[in-house]
There are 2 protein chains.
Amino acid sequence: MFGKNLLVRMLDRRDTLPPDEIALIEALPVRPVTFGPDEEIVREGSRPAESCLVANGFAVRNQAIREGKRQITAIHVPGDFVDLHSILLKVMDHSVSALGSCDVVFIRHKDLLTAMGGSPHLTRMLWLSTTIDASIQRTWITCLGRRSAKQHLAHIICELYVRLEIVGLASDQTFAIPLTQAELGDVLGLSVVHVNRTLQELRAKDLVSWKDRRIVILDFQRLALLADFDATYLNLFHEPR
Amino acid sequence: MFGKNLLVRMLDRRDTLPPDEIALIEALPVRPVTFGPDEEIVREGSRPAESCLVANGFAVRNQAIREGKRQITAIHVPGDFVDLHSILLKVMDHSVSALGSCDVVFIRHKDLLTAMGGSPHLTRMLWLSTTIDASIQRTWITCLGRRSAKQHLAHIICELYVRLEIVGLASDQTFAIPLTQAELGDVLGLSVVHVNRTLQELRAKDLVSWKDRRIVILDFQRLALLADFDATYLNLFHEPR
DNA sequence: AAGGCTCATTCACATTGTTTAATTGGCGAG
DNA sequence: CTCGCCAATTAAACAATGTGAATGAGCCTT
């Protein structure tokens, strides 16, 4: 129930959900599961019959490449419909795993298709959810390709703050996320050593404090300026869609 | 008409389109436009009332950042529905421009919504198109973050070959694309100089020949092995969706 | 044929990122 | 309490990539 309300809140922030659509979402049968740190939620190469929604905690998508390297292609926060796209893609080309302890709910594709069957607008709202993910991915591509390590790190901190704030998990320039520096490296495409150096640069400039999985943004204005951060891509505005 | 048939071919490759859905697509009113090299097709920050489909030639999405740098986040080939997502996102967070001369057709969101209104399966097929784009974007993230310049270049060459082959624009290990080394740098997140160096390495290994916008893959097997290329993410299989 | 484009190429050099390895500090298990 | 593990931190040598300036090759225009 917690998971479902979160999804409603995420979607309702982008466009008003009429009561019947909220009812459709809340009536979906769910299978709640808790995963421990680093446990695999969905395996690369599998053909899921259900999609999962983060209710509590964090999940990451990652693509493994040869020689044990991996790249994290997305960080999912509560309310995110992590692998909704598997309803269309069929074969997972990446895996999803828990970052810290993570509660998710699984929803069968069959039930989602039924719910969407009679409601084109609900269908679009779910489509929107995958589209916002894609928008974030484009921004990550730009960060990886054309921003310096320092800017990139600053950018991801701004993004996480904004995304967590709207689900009530960040306030007063502070949030917590169980991300080690090694994992942060897999997000930023950097080595652990360089993540550490870069983090120290931001600390030296009194922009952030990152200690024990708790991040404090000391000066959001300057951090966003450094990162060239513009929240448009997060689509945090209310529109008929 | 050419554009529409190409879209049908792209979708039909992933799942059989029943005749009524093909008819719906072919009945869509289109507005064909030809753009010259580097002309802007859709502007960042705009709120389009139509989406565009590439009929002929190539288009790129790019995100500009401060100081004139830019990152290309997608390359679109004939048959691709470039900015279908604008139907949901409303405000463009990036621009689309022509790569060489490019024929596109614009289709009004209103008409698309009407066509989808009565056909949940058609809706899903269009959703699928944006989802495959997202899948390609994830792979680009991994290339940018965790592959060397050489692997990344090899990867994009493999990807372009496969994508062009299915629309009949590549065969015999050869294809043409009007991409300068500077633009390739904006795709790979590298400087022109380094693109040039990397290209020469691939040439020296007798893997590819790239001359006058014409690429010849001399040994696909070895190139794919070097790039760690696996076409799963392109979703080139036929499934009920 | 001369000039002026664009693109590809080269060089020298600066910057950034990686690798490996050693060190520190916190914290839970026994 | 102490051992051992994990995350974080630091160092130094090295590799990869970026920058800026200059040159060459091809092609179009005049």
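Hydrogens, waters and symmetry mates are skipped; everything else that's a heavy atom, side chains included, is used.
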K.L.:
Pairing donors with acceptors under 3.5 angstrom, does anything connect the side chains of B:Asp103 and B:Thr34?
P.N.:
yes
K.L.:
Tell me the bend of the helix from C:dA1-D:dT30 to C:dG30-D:dC1 as the angle between end helix axes, each from five pairs, rounded to the nearest 10 degrees.
P.N.:
30°
K.L.:
Are A:Phe35 and A:Ser101 close enough, and set up right, to give a side-chain contact (heavy atoms from CB on, under 4.5 Å), and what steps lead you there?
P.N.:
CA-CA 6 Å; A:Phe35 289 89; A:Ser101 172; over 6 Å; no
K.L.:
Are the charged groups of A:Asp83 and A:Arg61 less than 4.0 angstrom apart, N to O?
P.N.:
no
K.L.:
A:Arg146 or A:Leu179: which one's nearest nucleotide on DNA chain D is closer to the 5' end?
P.N.:
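Taking each residue's closest nucleotide, the earlier one in sequence belongs to A:Leu179.
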K.L.:
To the nearest 0.5 Å, what is the distance between CG on A:Leu207 and CG on A:Leu226?
P.N.:
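Reported value, rounded in 0.5 Å steps: 6.5 Å.
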K.L.:
Please list all pairs passing the salt bridge (charged side-chain N to carboxylate O under 4.0 Å, His left out) test where one or both residues lie in residues 186-196 of chain A, with sequence neighbours left out.
P.N.:
A:Arg70-A:Asp186, A:Asp186-B:Arg146
K.L.:
Give every residue pair that meets the side-chain hydrogen bond (donor to acceptor under 3.5 Å, both in side chains) criterion with at least one member in residues 164-174 of chain B, sequence neighbours excluded.
P.N.:
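Checked against side-chain hydrogen bond (donor to acceptor under 3.5 Å, both in side chains) - neighbours excluded - no pair reaches residues 164-174 of chain B.
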K.L.:
Tell me every residue that passes salt bridge (charged side-chain N to carboxylate O under 4.0 Å, His left out) with A:Arg43, counting only those two or more places apart in sequence or in another chain.
P.N.:
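Partners of A:Arg43 under the salt bridge (charged side-chain N to carboxylate O under 4.0 Å, His left out) test: A:Glu40.
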K.L.:
Can you find a side-chain donor-acceptor pair between A:Ser95 and A:Glu44 that sits under 3.5 Å?
P.N.:
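Result is no, nothing qualifies.
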K.L.:
According to salt bridge (charged side-chain N to carboxylate O under 4.0 Å, His left out), does anything in residues 192-201 of chain B pair up with another residue at least two apart or in another chain? List the pairs.
P.N.:
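As it turns out, the salt bridge (charged side-chain N to carboxylate O under 4.0 Å, His left out) pairs with a partner in residues 192-201 of chain B, which skip direct neighbours, are B:Lys150-B:Glu201.
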K.L.:
State whether a side-chain donor-acceptor pair under 3.5 Å links B:Gln137 with B:Asp133.
P.N.:
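The answer is no; no qualifying pair exists.
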K.L.:
Not counting sequence neighbours, which residues clear side-chain hydrogen bond (donor to acceptor under 3.5 Å, both in side chains) with A:Arg138? List them please.
P.N.:
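side-chain hydrogen bond (donor to acceptor under 3.5 Å, both in side chains) check on A:Arg138 returns B:His94.
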K.L.:
Residues in side-chain hydrogen bond (donor to acceptor under 3.5 Å, both in side chains) with A:Arg213, at least two apart?
P.N.:
none
K.L.:
Look at the rings of B:Phe175 and B:Tyr161 and say which category their plane angle falls in: under 30° parallel, 30 to 60° tilted, over 60° perpendicular.
P.N.:
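Correct class here is tilted.
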K.L.:
In residues 203-216 of chain A, which ones come under 4.0 Å of DNA chain D, going by heavy atoms?
P.N.:
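Residues of residues 203-216 of chain A under 4.0 Å from DNA chain D: A:Arg203, A:Arg213.
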K.L.:
Does anything in residues 180-200 of chain B come within less than 4.0 Å of DNA chain C? Heavy atoms only, and list the residues if so.
P.N.:
B:Thr180, B:Gln181, B:Val193, B:Asn196, B:Gln200
K.L.:
State which residues pass side-chain contact (heavy atoms from CB on, under 4.5 Å) with A:Asp228; sequence neighbours excluded, sorted by chain then number.
P.N.:
A:Arg147, B:Ile65, B:Arg66
K.L.:
Which nucleotide of DNA chain C is the first, and which the last, in the 5' to 3' direction, to come under 4.0 Å of a heavy atom belonging to chain A?
P.N.:
C:dG17 to C:dT20
K.L.:
Nucleotide range of DNA chain D contacted by chain B, 5' to 3', under 4.0 Å to a heavy atom?
P.N.:
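Range of nucleotides within reach of chain B: D:dT17 to D:dG20.
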K.L.:
Do A:Tyr233 and A:Glu159 pass the side chain to side chain donor-acceptor pair (under 3.5 Å) test, and can you show the C-alpha distance, the side-chain angles, and the key distance before you say yes or no?
P.N.:
CA-CA 10 Å; A:Tyr233 72 103; A:Glu159 176 184 313; 2.8 Å; yes
